[in-house]
A.B. asks: 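Here's a structure for you.
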Amino acid sequence: GDGTGGQQRVEGGALTESAPRGRFRVSSNDVEEGGSGEFDQQAVVRLIQSRRSAIQACYERELRQNPTLQGRVAVAMTIQESGSVSGVRAAENSTGSDAVASCVVRVVQGFRFSPGPEGGSVSYTFPFVFEPQG
């Protein structure tokens, strides 16, 4: 509080100022890669960056219930030659929150790559590291 003591009323419900902020990074040195195809890992990173707000929302929503929530969710995925993504799952989740992991999995399931890998499918495990922004 800033000591004014005035009641703030915000249209549409809760005070957004009090919503905890969180951030995530992809620890790219820990990415595991497999499969027979050829693909540019940076294309995956770029798509993750473009969906950054959706992934962050997965985390921040749970952060409201648990302000100390943090950890790693390693998301495994297979990119088909068509550019679609299959077999998306949380291979590792140290946050203790299934909701965060399944929400991130849902976001990644919506990824589409154009063009897709050449010469076969490619599988990755991408570690997302979540931490509160104090």
Side-chain angles (χ1 to χ4, degrees):
D2 52 6
T4 57
Q7 283 301 103
Q8 269 183 294
R9 216 179 126 271
V10 175
E11 291 303 319
L15 291 173
T16 45
E17 295 86 79
S18 64
R21 303 292 296 163
R23 59 178 168 203
F24 78 93
R25 56 194 167 80
V26 174
S27 62
S28 23
N29 337 339
D30 296 340
V31 175
E32 293 169 29
E33 186 175 340
S36 54
E38 291 290 313
F39 198 62
D40 178 15
Q41 190 180 299
Q42 282 309 115
V44 187
V45 174
R46 280 196 297 274
L47 200 44
I48 289 169
Q49 297 293 0
S50 75
R51 298 303 316 248
R52 188 170 196 86
S53 59
I55 294 165
Q56 206 156 309
C58 289
Y59 173 53
E60 288 183 346
R61 196 163 55 225
E62 300 308 313
L63 206 52
R64 288 192 198 111
Q65 274 89 54
N66 178 0
T68 60
L69 184 69
Q70 58 182 315
R72 251 167 79 116
V73 177
V75 178
M77 67 184 93
T78 300
I79 303 171
Q80 307 297 336
E81 283 181 272
S82 64
S84 69
V85 177
S86 67
V88 185
R89 62 187 176 84
E92 176 200 329
N93 177 10
S94 66
T95 65
S97 168
D98 291 339
V100 171
S102 58
C103 179
V104 173
V105 163
R106 270 199 306 280
V107 174
V108 173
Q109 279 170 338
F111 284 7
R112 290 291 173 275
F113 294 93
S114 176
E118 287 178 26
S121 63
V122 180
S123 53
Y124 290 105
T125 303
F126 267 82
F128 294 79
V129 181
F130 294 95
E131 53 199 7
Q133 232 168 335

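For this chain, numbers begin at 1 and follow the sequence in order.
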A.B. asks: What pair of heavy atoms forms the shortest contact from Ala91 to Ala76, and how long is it?
C.D. replies: CB-CB, 4.2 Å
A.B. asks: Can you tell if the side chain of Phe128 reaches within under 4.5 Å of the side chain of Val26, non-hydrogen atoms only?
C.D. replies: yes
A.B. asks: Return each pair, listed once, that meets side-chain hydrogen bond (donor to acceptor under 3.5 Å, both in side chains) where at least one residue sits in residues 19-32; pairs must be two or more places apart or across chains.
C.D. replies: Arg21-Glu60, Arg23-Glu131, Ser27-Asp30, Asp30-Arg72
A.B. asks: With a 4.5 Å cut-off on side-chain heavy atoms, are Arg61 and Cys103 touching?
C.D. replies: yes
A.B. asks: Would you compute the distance between atom CZ of Phe130 and atom CD of Gln70 and round it to the nearest 0.5 angstrom?
C.D. replies: 12.0 Å
A.B. asks: Tell me whether Phe111 is reachable from Val73 by hopping between hydrophobic residues (I, L, V, M, F, W, Y) whose side-chain heavy atoms are closer than 4.5 Å.
C.D. replies: yes
A.B. asks: Determine whether Ser86 and Gln80 make a side-chain contact, defined as any pair of heavy atoms from C-beta on separated by less than 4.5 Å.
C.D. replies: yes
A.B. asks: Taking all atoms of both residues into account, what is the closest heavy-atom pair of Val122 and Glu38, and its distance?
C.D. replies: CG2-N, 4.1 Å
A.B. asks: Are the aromatic ring centres of Phe113 and Phe39 under 6.0 angstrom apart?
C.D. replies: yes
A.B. asks: Return the minimal non-hydrogen interatomic distance between Ala101 and Ala90, and the atom names on each side.
C.D. replies: CB-CB, 4.0 Å
A.B. asks: With sequence neighbours excluded, what pairs up with Glu81 under the side chain to side chain contact (heavy atoms under 4.5 Å, CB included) test?
C.D. replies: none
A.B. asks: Hey, any chance Val45 and Val129 share a hydrophobic cluster, counting ILVMFWY side chains that come within less than 4.5 Å of each other, even indirectly?
C.D. replies: no
A.B. asks: Would you find more than 12 non-hydrogen atoms of other residues, nucleotides or ligands less than 6.0 Å from Gln133 atom CD?
C.D. replies: yes
A.B. asks: Nearest 0.5 angstrom please: Thr125 OG1 to Met77 CE, how far?
C.D. replies: 8.0 Å
A.B. asks: Would Val31 end up clustered with Ile48 when hydrophobic side chains under 4.5 Å apart are linked, directly or stepwise?
C.D. replies: yes
A.B. asks: State, to 0.1 Å, how close Ala54 and Val107 come at their nearest heavy-atom pair, and which atoms those are.
C.D. replies: CB-CG2, 4.1 Å
A.B. asks: Check whether the side chains of Thr95 and Ser97 place a donor and an acceptor atom closer than 3.5 Å, and report yes or no.
C.D. replies: no
A.B. asks: Assess the side chains of Gln49 and Arg52: does a donor N or O sit below 3.5 Å from an acceptor N or O?
C.D. replies: yes
A.B. asks: Inspect the surroundings of CD in Gln65 and state if more than 12 heavy atoms from other residues, nucleotides or ligands are less than 6.0 Å away.
C.D. replies: yes
A.B. asks: Hey, does the side chain of Tyr59 reach the backbone of Leu69 with a donor-acceptor pair shorter than 3.5 angstrom?
C.D. replies: yes
A.B. asks: On a heavy-atom basis, which atom in Leu47 and which in Arg112 lie closest, and how many Å separate them?
C.D. replies: CD2-O, 3.6 Å
A.B. asks: Okay, side chain of Gln56, backbone of Gly22: is any donor-acceptor separation there less than 3.5 Å?
C.D. replies: yes
